[in-house]
Amino acid sequence: MSSRTRALVDQVIADLDQVLSDDALAGLSDAERVEVLQAAGAAFRRVEAVVVETIASTDAVDFPHSTGCRTPNELLQRTLLTDVRGAERRLARRMLGNDPTGAHG
């Protein structure tokens with residue numbers, strides 16, 4: 001990952017850590033909670049898109065092998081610390097041409 005790309009992702013992580021460390025969530029009204037959930041959903045879809053595009057924009061065989069993994073699913077499991085089903089779901093969405101960001105349409 002380029003240093004700029006990594007810095008952007010690190011900033012998102014730091015910002016989310018700050019949201020979680022504050023007591024601000026506890027004091028939200030119901031309407032504000034809905035807004036936070038909607039924004040969190042948008043962020044989640046984009047995080048998934050980053051994962052999918054990172055794998056999809058490279059050679060699906062050579063890249064996992066270069067990291068010591070047999071398959072893209074194994075690479076996702078090891079790097080994301082996720083289960084097989086989650087890794088397969090992400091790859092299936094990409095292969096079916098679904099837009100994981102929800103940004104189109």
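Small disclaimer: the values here were computed from a predicted structure and weren't measured.
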Using atom types as modelled and distance alone, determine if a side-chain donor or acceptor of [X] lies under 3.5 Å from a backbone N or O of [Y].
X     : Y     : result
Asp23 : Ala26 : no
Thr67 : Pro64 : yes
Gln11 : Ala7  : no
Arg70 : Leu75 : no
Glu53 : Val50 : no

In Å and rounded to the nearest 0.5 Å, what is the [atom1] to [atom2] distance from [X] to [Y]?
X     : Y     : atom1 : atom2 : result
Leu81 : Leu76 : CG    : CG    : 11.0 Å
Leu37 : Glu32 : CG    : CD    : 12.0 Å
Ile55 : Thr79 : CD1   : OG1   : 6.5 Å

Shortest non-hydrogen separation from Leu28 to Ala24 and the atoms involved: CG-O, 3.4 Å

Arg78 side chain near Cys69 side chain, heavy-atom distance below 4.5 Å: yes

Val34 vs Asp30 side-chain heavy atoms within contact, under 4.5 Å: no

Hydrophobic cluster membership, Val36 vs Val19, 4.5 Å side-chain cutoff: yes

Shared hydrophobic cluster for Val51 and Phe63 (ILVMFWY, side-chain gaps under 4.5 Å): yes

